[in-house]
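Note sheet for the following structure.
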Amino acid sequence: PRKIVLDCDPGLDDAVAIMLAQGNPDVELLAVTTVGGNQSLEKVTRNALGVGSLAGVTAPVAAGADSPLLEPAQDAGHVHGESGLGGVDTPESTIELDTRHAVEVIVDTVMCEEPGTVTLVPVGPLTNIALAVRREPRIVERVAEVVLMGGAIRVGNQSPVAEFNIACDPEAAQIVFSAGWRVTMVGLDLTHQAQATEEVFARIAEVGGPVADLTLGMLSFYRDSYRSSGRLDHPPLHDPCAVAYAVDPDVMTTRRAPISVELTGTLTRGMTVADLRLPADESCPTQVAEQLDVDRFWNLVLDALHRVAAA
Ligand code: BDR
Ligand code: CA
């Protein structure tokens with residue numbers, strides 16, 4: 001199985017990412033760590049514990065950074081609601097929060113496992129991952145790879161050119177992109193192909209029970225957010241795309257390219273700049289996700305939801 005550390009800020013799509021990671025039979029979920037992003041650290045951690053309990057997560061859950069490296073935290077309450085989960089109730093948590101800081105859990109996990117076996121999957125602002133690199137630089141050569149949800153080549157969402165996770169903490173993102181480890185950027189160009197259509201809603205309803213109730217409740221709120229802001233008719237499940245690639249790389253195509261984060265632009269701070277002028281050298285460690293196999297993706301998600309519901 002693929003050993004994964006999921007660093008998240010649940011968050012409606014993060015919640016589905018947790019269920020995908022827990023429910024996929026080829027994933028060994030080593031830890032779930034949280035970072036302030038979509039909502040405050042306190043809220044996203046409570047959400048991770050609640051969703052994790054429903055999904056049957058047994059891996060440690062640990063809370064990390066409450067704010068970005070340099071700037072004050074900004075949330076996405078307008079998309080994910082005041083609670084971060086669109087007002088949907090999760091069951092009382094049966095998981096006890098790990099007493100360690102998320103950065104410690106990330107470092108410990110990577111350093112304790114066999115070299116080259118752990119995949120980091122950050123789907124929130126990159127603060128915890130950057131802090132982990134600073135704290136224990138040896139994790140860079142020890143992880144298998146980093147598969148992150150964030151960034152955009154064409155159009156942003158937090159600004160015309162910047163995506164939310166990167167825009168929240170551009171300095172952290174630049175540390176992660178430039179560390180030298182393999183990074184796959186699963187950005188908006190890819191994730192906007194993962195739209196939860198009416199057909200997807202119907203397939204989720206077939207799962208039944210509390211898992212379907214929670215997921216449909218969250219996705220309905222998410223759909224309303226996207227519709228009322230005039231952005232998309234069907235909400236894109238950004239974060240599960242990164243988990244999907246980590247476990248099944250054939251679910252999308254990628255293109256190798258150097259990627260840097262704009263840190264100083266007055267209009268472009270937080271933009272991910274990929275150099276697509278020429279085919280990148282074999283040695284280039286970063287790549288951009290391009291084309292999603294939409295059916296394969298939803299089959300992975302639905303299969304995981306069924307397994308979580310049956311467990
Ligand atoms: C990203 O921002 C967050 O609101 C989502 O959870 C996702 O990680 C999409 O831009
Ligand atoms: Ca997220």
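Just follow the structure's listing: the first ligand is 1, and inside any ligand the first atom is 1. Note that the structure is a prediction, hence the values are computed from the model and not measured.
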- Task: Take Glu198 and Arg203, measure what salt bridge (charged side-chain N to carboxylate O under 4.0 Å, His left out) needs, and give me the verdict at the end.
- Result: CA-CA 9 Å; Glu198 312 301 333; Arg203 287 179 70 187; over 6 Å; no

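- With salt bridges taken as basic N to acidic carboxylate O contacts below 4.0 Å, none links Arg142 and Glu114.
- Pairs of residues two or more places apart, or lying in two chains, that qualify as side chain to side chain donor-acceptor pair (under 3.5 Å) and include a residue from residues 79-88 are Asn38-His80, Lys43-Glu82.
- Through direct or indirect side-chain contacts shorter than 4.5 Å among Ile, Leu, Val, Met, Phe, Trp and Tyr, Met271 is connected to Val161, Val273.
- Screening Val61, Val105, Val103 for a side-chain contact (heavy atoms from CB on, under 4.5 Å) involving Thr33 leaves a single residue, Val105.
- Annotation: cation-pi pair Arg223/Phe201 present, NZ/CZ under 6.0 Å from the ring centroid and within 45° of its normal.
- Distances from the Ca ion (ligand 2) under 3.0 Å pick out these protein N/O/S atoms: Asp9 OD1, Asp14 OD1, Asp14 OD2, Val123 O, Asp239 OD2.
- For the 3.5 Å distance criterion, the side chains of Gln74 and Gln158 qualify, holding a donor opposite an acceptor.
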Write out each pair where an N or O from ligand 1 and one from the protein are under 3.5 Å apart, with the distance.
from, atom 1, to, atom 2, distance (Å)
ligand 1, 4 (O), Asn38, OD1, 2.6
ligand 1, 4 (O), His80, NE2, 2.9
ligand 1, 6 (O), Asp13, OD1, 2.6
ligand 1, 6 (O), Asp13, OD2, 3.3
ligand 1, 6 (O), Asp14, OD1, 2.9
ligand 1, 6 (O), Asn38, ND2, 3.0
ligand 1, 6 (O), Asp239, OD2, 3.2
ligand 1, 8 (O), Val123, O, 3.0
ligand 1, 8 (O), Asn165, ND2, 3.0
ligand 1, 8 (O), Asp239, OD1, 2.6
ligand 1, 8 (O), Asp239, OD2, 3.1
ligand 1, 10 (O), Asn157, ND2, 2.8
ligand 1, 10 (O), Glu163, OE2, 2.4

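- Val35 and Met185 are assigned to two separate hydrophobic clusters, defined by single-linkage of ILVMFWY side chains at heavy-atom distances under 4.5 Å.
- Using a 4.0 Å cut-off between charged nitrogen and carboxylate oxygen, Lys3 and Glu113 count as a salt-bridge pair.
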